Structures are given as structure tokens and as C-alpha cells.
Amino acid sequence: MQIVLSVGGSSINPDGKPDLDFLRTIARIIKKSKHSFGILTGGGTVARAYANAARELGAGEYECDSIAITSTRQNAQLVIAALSTQEIDVHKKALFDFDEARIASDKKVVVMGGTIPGITTDTDAVLLGEAVGAKRLVNISNVDAIYDSDPKKNPNAKKYQKMNYEQLISLSLASDKRMAGTNFVFDMLACKLISRSKIEAHFVSGKNSNDMENAIEGKKHGGTIVGE
Ligand code: UTP
């Protein structure tokens with residue numbers, strides 16, 4: 001497994017509805033690629049809606065996270081359907097355990113959903129990367145790069161083409177709330193893990209197929225590269 005993809009629910013099921021164009025694009029890029037992949041799927045708005053509903057009903061954070069995890073697993077199985085119908089050599093069952101993913105890594109693609117409450121699929125993606133010794137991680141979300149502030153709120157936000165792990169950790173610390181279904185740039189634990197393992201991370205948008213493909217193939221792209 002050479003490349004780990006952390007695919008946000010914002011790309012798989014924006015507004016709660018699966019995006020078939022995105023799913024077909026990912027399948028096309030992976031089919032063309034010579035690399036092997038581990039994919040982590042986020043839960044997006046569906047995960048957040050269910051976690052928030054449980055919270056309003058009075059459920060604790062562990063339970064809210066457990067509910068959100070089921071959304072990530074549903075998306076994992078959907079990605080498997082998108083790949084297997086294109087005759088890509090993908091492990092047919094969504095996995096939730098890093099060792100099982102490692103064992104299944106004779107396949108071109110292994111897809112995982114969330115694992116345990118308290119973390120996010122960003123962290124799962126880095127842990128999978130560590131488990132299999134991946135050299136590159138590509139984070140696919142609804143923003144085209146990492147900015148010094150939220151580009152949706154601040155039109156003067158500065159885009160980073162390159163940054164180091166310390167800069168990434170500082171930015172993520174500023175937005176880390178650690179609540180079920182909340183959104184992080186790349187959550188703080190994921191940033192720390194990626195820093196300790198020196199996995200090169202690329203941040204691109206799920207709306208930009210060229211950037212996704214170039215990041216996956218190790219070519220120049222318009223997103224952000226995080227390294228030493
Ligand atoms: P994510 O936060 O990873 O999905 O998981 P997302 O919103 O699609 O993520 P990004 O930011 O776009 O990458 C959804 C929720 O599921 C729970 C957490 O509550 C998380 O916020 N979760 C996920 C866990 O508790 N453990 C996991 O291993 C994964």
C-alpha cells in the first residue's frame with residue numbers, strides 16, 4: 001500500500017447525498033494508477049447530523065462518535081462499490097482494523113471507515129499510513145489547499161503551496177474542538193502523527209480532478225504539500 005487517501009465525507013456525500021461524479025472520478029484515477037492504495041472515508045454532514053441528534057437527545061460523546069462512525073463505514077462500502085464495478089482489484093469488505101487492512105494489502109485497494117470513538121478518519125488515515133509504511137498521504141476535501149485562515153470567511157486568506165509539520169500543527173491546534181461530527185482542517189492528532197512519521201501529505205479538493213490525480217501520482221498540483 002503505497003498511498004493513503006483520506007477522503008472527506010464532504011466529497012463523497014456533500015449535503016448528505018452521494019456525489020456520483022466524484023465517485024466515478026476517483027475510480028478512474030485509481031484504475032489508471034500503477035500505485036496501490038489504502039483509503040479512509042469520512043462521514044460528512046450525515047455523520048454530523050446523526051451525532052448532533054444523539055447529542056440533543058442527551059447521549060454522551062462516546063455514543064455520538066460511535067453513531068458518526070457508522071456513517072464513515074457506509075461511505076467506505078459505497079467507495080468499494082464505485083471501485084469494484086470498474087473492475088478495480090479492491091478488497092470487497094470495508095475494514096475497521098489496521099492489522100486487517102495490512103493483511104489485505106495484497107489487493108490494489110483497501111478501504112476503511114472509522115475505527116474507535118475520539119478520533120477522526122484523518123487520524124485513521126495517518127495510522128494506516130504508519131501501519132503499512134506509506135510514503136505519501138493525499139487528503140481530499142472541499143477546500144483546494146491549506147490557508148492561514150478560513151478562505152470562506154476571509155477573502156484575504158493566504159494559501160500555502162508548501163508548509164512544514166510544525167506550521168500544520170499550529171494551524172490545526174487553533175481549530176481543534178474534539179467534538180463528534182465537528183470539522184477540522186486536519187485534526188491535531190493526525191498532524192502530530194504525520195509529523196512523527198514524516199509522511200508527506202498533500203491537500204487537494206475533491207472538485208479538482210487534475211489536482212487529485214497529480215497529488216496521487218507525485219506530480220505538481222495546486223494544493224498544499226506538507227513535509228519537513
Ligand atoms: P470524520 O470527521 O473523519 O469525517 O468522521 P468528515 O467530517 O467527512 O471528515 P473530514 O474533516 O472531511 O475529513 C466523522 C465523525 O466520526 C467520528 C467522529 O465523531 C468524526 O467527527 N469518528 C470517525 C470517530 O469517532 N472515530 C473514527 O475513527 C472516525
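Just follow the structure's listing: the first ligand is 1, and inside any ligand the first atom is 1. Bear in mind that the values here come from a model prediction, so they are computed numbers and not experimental data.
Taking every heavy atom of Thr121 and a limit of under 4.0 angstrom, the matching atoms of ligand 1 come to 1 (P), 3 (O), 4 (O), 29 (C). Counting atoms of ligand 1 from 1 in the listed order, those under 4.0 Å from a heavy atom of Gly114 are 27 (C), 28 (O), 29 (C). For ligand 1, the atoms lying closer than 4.0 Å to a non-hydrogen atom of Arg48 are 7 (O). With ligand atoms numbered from 1 in the order given, ligand 1 contributes 27 (C), 28 (O) to contacts under 4.0 Å with heavy atoms of Thr115. Near Pro117, the atoms of ligand 1 lying under 4.0 angstrom from a non-hydrogen atom of the residue are 25 (O). Atom numbering of ligand 1 starts at 1 in the shown order; those under 4.0 Å from a heavy atom of Gly8 are 8 (O), 12 (O), 13 (O). Each of the atoms 24 (C), 25 (O), 26 (N), 27 (C), 28 (O) of ligand 1 lies under 4.0 Å from some heavy atom of Ile116. Of all atoms in ligand 1, numbered sequentially from 1 with element shown, those under 4.0 Å from a heavy atom of Asp124 are 27 (C), 28 (O), 29 (C).
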Can you check side chain to side chain contact (heavy atoms under 4.5 Å, CB included) on Val126 and Phe186, steps first, answer last?
CA-CA 11 Å; Val126 185; Phe186 196 58; 3.9 Å; yes
Please determine whether salt bridge (Lys or Arg N to Asp or Glu O under 4.0 Å) holds for the pair Arg196 and Glu130, giving the CA-CA distance in whole Å, both sets of side-chain angles, and the decisive distance to 0.1 Å.
CA-CA 10 Å; Arg196 78 172 182 181; Glu130 288 192 334; 2.7 Å; yes
Run the side chain to side chain contact (heavy atoms under 4.5 Å, CB included) check on Leu168 and Ile194 step by step: do they pass?
CA-CA 10 Å; Leu168 181 71; Ile194 212 157; 4.3 Å; yes
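At least one heavy atom of Gly118 lies less than 4.0 angstrom from ligand 1. Distances shorter than 4.0 angstrom occur between a heavy atom of Gly44 and an atom of ligand 1.
For Lys34 and Glu217, the salt-bridge test fails: no basic side-chain N is under 4.0 Å from an acidic carboxylate O.
For ligand 1, the polar-atom distance check finds no N/O of Thr72 at less than 3.5 Å from any of the ligand's N/O atoms. Checking only distances, Gly42 never comes within under 3.5 Å of ligand 1, N or O to N or O.
Comparing heavy-atom distances from atom 14 (C) of ligand 1 across Ala47, Ser71, Cys64 singles out Ala47 as nearest. Between the choices Val143, Asp65, Ile119, the shortest heavy-atom distance to atom 24 (C) of ligand 1 belongs to Ile119.
Considering only heavy atoms from C-beta on, Glu213 comes within 4.5 Å of Arg28 through its side chain. Between Asn214 and Val204, the closest side-chain pair of non-hydrogen atoms is not below 4.5 Å.
A pairwise comparison of heavy atoms in Ile80 and Lys93 identifies CD1-C, 3.5 Å as the closest pair.
When each of Ser205, Ser10, Ser6, Ser11 is tested with Ile140 by the rule side chain to side chain contact (heavy atoms under 4.5 Å, CB included), just one qualifies, namely Ser11.
Cluster membership for Leu78 and Phe96, using ILVMFWY side-chain heavy atoms within less than 4.5 angstrom, is not shared.
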